[in-house]
Amino acid sequence: MRLIKAFLLALLLFTLLSFPLQEKALRTSTSGIVSQERGFVLPSAGVLRVTTNAGKGVNYSVSFYDPEDDRFVLNETPKGQLNGYLKIEHAGYYFAQVTSYYAPVTLAYRMTSKYPSKRILEIKYFIGGTSAILLALLLFREGRR
């Protein structure tokens with residue numbers, strides 16, 4: 001019984017301690033530059049600002065691919081400079097590609113706002129809540145004896 005209580009208490013403490021660590025990770029800056037193709041990891045969900053240095057009439061294409069969802073977050077062939085925002089649904093690996101036909105084009109990205117993904121929060125709340133309830137039931141049952 002002690003082992004079960006210790007396990008549930010440890011699970012509860014690890015869940016509670018993960019929130020300040022997550023906040024610290026969300027404060028770190030996330031940015032990068034892509035000139036041809038590059039894979040990178042985004043540490044959280046959020047809003048990604050995307051800009052290019054292309055002049056008017058430059059022929060190029062830009063794509064952001066999410067291999068986890070097997071879809072393109074962005075797939076455009078703009079005429080001139082690209083300046084926009086992308087909503088990133090989850091943390092994970094992404095792939096960016098810039099294909100320029102004539103002039104070299106560089107794409108810059110930066111996370112303007114970060115937040116934990118819904119799926120991660122659901123897991124944390126479920127594990128923390130379940131372990132807290134089970135620990136409370138065990139302690140209540142033990143106190144009645």
Side-chain angles (χ1 to χ4, degrees), residues 1-140:
M1 194 61 104
R2 284 184 180 176
L3 182 62
I4 294 173
K5 285 192 288 188
F7 177 73
L8 290 173
L9 182 62
L11 240 137
L12 180 63
L13 289 175
F14 283 132
T15 303
L16 291 175
L17 290 175
S18 71
F19 285 103
L21 294 174
Q22 175 182 315
E23 285 300 315
K24 183 180 177 186
L26 290 176
R27 284 191 216 121
T28 60
S29 67
T30 304
S31 60
I33 296 174
V34 178
S35 59
Q36 288 182 342
E37 52 188 51
R38 178 177 173 209
F40 53 92
V41 174
L42 294 177
S44 68
V47 177
L48 193 68
R49 180 159 187 211
V50 180
T51 58
T52 60
N53 67 339
K56 284 189 175 186
V58 175
N59 228 0
Y60 69 101
S61 65
V62 178
S63 60
F64 268 78
Y65 180 70
D66 178 4
E68 187 174 316
D69 290 342
D70 192 26
R71 69 180 181 95
F72 283 96
V73 180
L74 171 72
N75 193 9
E76 288 191 25
T77 307
K79 300 284 187 195
Q81 185 175 5
L82 175 70
N83 190 3
Y85 295 90
L86 296 174
K87 185 174 181 184
I88 303 299
E89 300 290 332
H90 60 85
Y93 189 76
Y94 290 86
F95 182 75
Q97 182 175 8
V98 179
T99 306
S100 177
Y101 304 106
Y102 302 109
V105 176
T106 303
L107 176 130
Y109 64 90
R110 181 175 64 90
M111 282 288 234
T112 58
S113 65
K114 297 179 187 178
Y115 45 86
S117 64
K118 183 179 175 184
R119 190 169 33 184
I120 298 294
L121 286 177
E122 286 173 350
I123 291 169
K124 281 184 176 184
Y125 291 144
F126 177 75
I127 290 174
T130 304
S131 61
I133 290 170
L134 290 175
L135 183 62
L137 288 174
L138 284 175
L139 292 175
F140 180 73

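Keep in mind that what you see is a predicted model, and the values were worked out from it rather than measured.
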* Asked: L9 versus L13: any side-chain heavy-atom pair under 4.5 Å?
  ->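 Yes, close enough: below the 4.5 Å cut-off.
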* **Nearest non-hydrogen partners of L82 and E76, listed with the distance** =>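 Result for this residue pair: CD1-OE1, 4.0 Å.
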* Asked: Of all heavy-atom pairs between H90 and D69, which one has the smallest distance, and what is that distance?
  ->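 Smallest interatomic distance, heavy atoms only, reads NE2-OD2, 3.4 Å.
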* Inter- and intrachain pairs under ring pair (Phe, Tyr, Trp, His ring centres under 6.0 Å), touching residues 27-50, at least two apart ->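 For residues 27-50, and leaving out neighbouring residues, the ring pair (Phe, Tyr, Trp, His ring centres under 6.0 Å) pairs sorted by first residue read F40-F64, F40-Y109.
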* **Residue pairs, two or more places apart or on separate chains, that pass ring pair (Phe, Tyr, Trp, His ring centres under 6.0 Å) and touch residues 6-36** =>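 Residue pairs passing ring pair (Phe, Tyr, Trp, His ring centres under 6.0 Å), neighbours aside: F19-Y125.
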Could you list the residues that satisfy side chain to side chain donor-acceptor pair (under 3.5 Å) with [X], not counting sequence neighbours?
{"X": "T112", "value": "none"}
{"X": "R49", "value": "N83"}
{"X": "N75", "value": "none"}
{"X": "T52", "value": "Y60"}

* To do: Determine, stepwise, if the pair V50 / R110 fulfils side chain to side chain contact (heavy atoms under 4.5 Å, CB included).
  => CA-CA 7 Å; V50 180; R110 181 175 64 90; over 6 Å; no
* To do: Please answer whether the main-chain N or O of D66 pairs with a side-chain N or O of R71 as donor and acceptor at a distance below 3.5 Å.
  =>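 Checking the backbone N and O of D66 against the side chain of R71, no donor-acceptor pair under 3.5 Å is found.
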* Asked: Short question: side chain of S131, backbone of G128 - any donor-acceptor pair under 3.5 Å?
  ->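 Yes, S131 side chain to G128 backbone: donor-acceptor pair under 3.5 Å.
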* Among all residues two or more places apart in sequence or in another chain, which pass the salt bridge (Lys or Arg N to Asp or Glu O under 4.0 Å) test with K5? ->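 Per chain and number, K5 pairs via salt bridge (Lys or Arg N to Asp or Glu O under 4.0 Å) with E142.
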* **Non-neighbouring partners of E68 that pass salt bridge (Lys or Arg N to Asp or Glu O under 4.0 Å), sequence neighbours left out** =>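 R119.
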* Asked: Would one find more than 12 heavy atoms of other residues, nucleotides or ligands at under 6.0 Å from atom CD of Q36?
  ->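 No, CD of Q36 has 12 or fewer neighbouring heavy atoms, counting only those of other groups under 6.0 Å.
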* Not counting sequence neighbours, which residues clear side-chain contact (heavy atoms from CB on, under 4.5 Å) with L16? List them please. =>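 Scan of L16 (side-chain contact (heavy atoms from CB on, under 4.5 Å), adjacent residues dropped) gives L12.
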* To do: Check side-chain contact (heavy atoms from CB on, under 4.5 Å) between E37 and all other residues, then give those that pass, not counting sequence neighbours.
  =>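 Checked E37 against side-chain contact (heavy atoms from CB on, under 4.5 Å); matches are F95, Q97.
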Between [atom1] of [X] and [atom2] of [Y], what distance do you get to the nearest 0.5 Å?
{"X": "L107", "Y": "S63", "atom1": "CG", "atom2": "OG", "value": "9.5 Å"}
{"X": "S18", "Y": "I120", "atom1": "OG", "atom2": "CD1", "value": "10.0 Å"}
{"X": "N53", "Y": "T106", "atom1": "CG", "atom2": "OG1", "value": "4.5 Å"}

* Counterpart residues, ring-ring contact (aromatic ring centres under 6.0 Å, His included), relative to Y115 (two or more places apart) ->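 Result, ring-ring contact (aromatic ring centres under 6.0 Å, His included) vs Y115: none returned.
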* Asked: Could you go step by step and tell me if V73 and L48 meet the side chain to side chain contact (heavy atoms under 4.5 Å, CB included) rule?
  -> CA-CA 11 Å; V73 180; L48 193 68; over 6 Å; no
* Under the side chain to side chain contact (heavy atoms under 4.5 Å, CB included) criterion, do L139 and L135 qualify, and how do the steps go? -> CA-CA 6 Å; L139 292 175; L135 183 62; 4.1 Å; yes
